[in-house]
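Encoded as structure tokens, the structure appears first; notes follow it.
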Amino acid sequence: MANTVIADLVDGECIISASLIDLEGYTIERTSIDFSPTSILPLLDLNPDSSLITIVGEESTIIASRIETGHTVIIQCPKNSNLGKARMNLSKACNTILPFL
């Protein structure tokens with residue numbers, strides 16, 4: 001079921017790829033082999049009080065959300081996408097996936 005939640009995040013409009021990372025930093029599920037989300041994890045550790053981090057790049061924006069279990073859901077958004085909608089979908093996915101972890 002967790003793989004379905006991650007796959008359903010990708011809408012091609014606001015979110016172009018998504019992944020689920022476990023407590024040890026291993027990728028459990030991802031929608032694209034071109035997306036390497038584990039390099040984002042050290043940035044979350046820089047601010048342990050925040051469960052959400054957004055990184056705006058030239059080509060895309062990466063949003064990472066740490067769940068209560070210690071897992072992390074990371075999404076990639078295309079340039080000029082609706083980040084509010086992407087964050088809303090990410091929040092819903094994090095709540096939906098929680099019982100399956």
Side-chain angles (χ1 to χ4, degrees):
M1 182 65 175
N3 59 347
T4 305
V5 174
I6 296 300
D8 288 347
L9 269 171
V10 178
D11 61 7
E13 177 188 349
C14 294
I15 301 172
I16 54 176
S17 61
S19 63
L20 175 65
I21 311 298
D22 72 5
L23 300 156
E24 297 170 1
Y26 294 106
T27 303
I28 296 173
E29 185 66 39
R30 68 180 174 176
T31 60
S32 172
I33 59 171
D34 296 329
F35 182 48
S36 179
T38 55
S39 60
I40 306 302
L41 295 178
L43 295 175
L44 273 172
D45 295 335
L46 291 175
N47 191 4
D49 296 334
S50 178
S51 62
L52 186 72
I53 187 170
T54 302
I55 303 163
V56 179
E58 289 183 25
E59 300 296 321
S60 65
T61 299
I62 307 296
I63 304 172
S65 179
R66 186 160 284 156
I67 305 173
E68 299 167 9
T69 61
H71 291 76
T72 306
V73 179
I74 302 173
I75 59 172
Q76 181 182 18
C77 306
K79 187 176 181 179
N80 298 323
S81 67
N82 184 340
L83 296 181
K85 182 178 178 182
R87 285 188 188 104
M88 182 182 70
N89 291 340
L90 176 60
S91 177
K92 287 179 184 177
C94 288
N95 290 331
T96 302
I97 205 168
L98 196 56
F100 302 104
L101 301 177

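Keep in mind that what you see is a predicted model, and the values were worked out from it rather than measured. Hydrogens, waters and symmetry mates play no part in the numbers below; they use all other heavy atoms, side chains included.
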Open item on the list: Please report the interatomic distance CG(Leu52) to CD1(Ile63), rounded to the nearest 0.5 Å.
Closed with: 6.5 Å
Task: For Gln76, the option from Ser81, Ser17, Ser32 that meets side chain to side chain donor-acceptor pair (under 3.5 Å) - done: Ser17
Task: Within one Ile-Leu-Val-Met-Phe-Trp-Tyr cluster: Met88 and Ile75, side-chain cutoff 4.5 Å - done: no
- [ ] Under the side-chain contact (heavy atoms from CB on, under 4.5 Å) rule, what do Thr54 and Arg87 come out as? Steps first, then yes or no, please.
- [x] CA-CA 10 Å; Thr54 302; Arg87 285 188 188 104; 3.2 Å; yes
- [ ] Find the distance between CG (Leu20) and OG1 (Thr31) and round it off to the nearest 0.5 Å.
- [x] 11.5 Å
Task: Pairwise distance CG(Leu90) to SG(Cys14) - rounded to 0.5 angstrom - done: 12.0 Å
TODO: Compare every heavy atom of Val5 with every heavy atom of Ala93, then report the nearest pair and how far apart it is.
DONE: O-CG1, 3.7 Å
- [ ] Please round to the nearest 0.5 Å and tell me the distance separating atom CD1 of Ile28 and atom CD1 of Ile6.
- [x] 9.0 Å
Task: Results of salt bridge (charged side-chain N to carboxylate O under 4.0 Å, His left out) for Lys92 - residues two or more places apart only - done: none
TODO: Check Thr72 against Arg66 and note the closest heavy-atom contact, atom names and distance.
DONE: OG1-NE, 3.6 Å
Open item on the list: Nearest 0.5 angstrom please: Ile21 CD1 to Glu29 CD, how far?
Closed with: 10.5 Å
Task: Asn89 to Leu9 - nearest heavy-atom pair and separation - done: O-CD2, 3.5 Å
Open item on the list: Using the rule that Ile, Leu, Val, Met, Phe, Trp and Tyr join whenever any side-chain heavy atoms are under 4.5 Å apart, tell me whether Ile16 and Val73 fall into a single cluster.
Closed with: no
Task: Glu13 versus Pro78, closest heavy-atom pair with distance - done: O-CG, 3.4 Å
Open item on the list: Please give me the minimum heavy-atom distance between Ile97 and Ile67, naming the atom from each residue.
Closed with: CG2-CD1, 3.7 Å
Open item on the list: To the closest 0.5 Å, what do you measure between SG (Cys94) and CD (Glu68)?
Closed with: 10.0 Å
Task: Closest contact, heavy atoms only, Glu58 versus Lys79 - done: O-CD, 3.4 Å
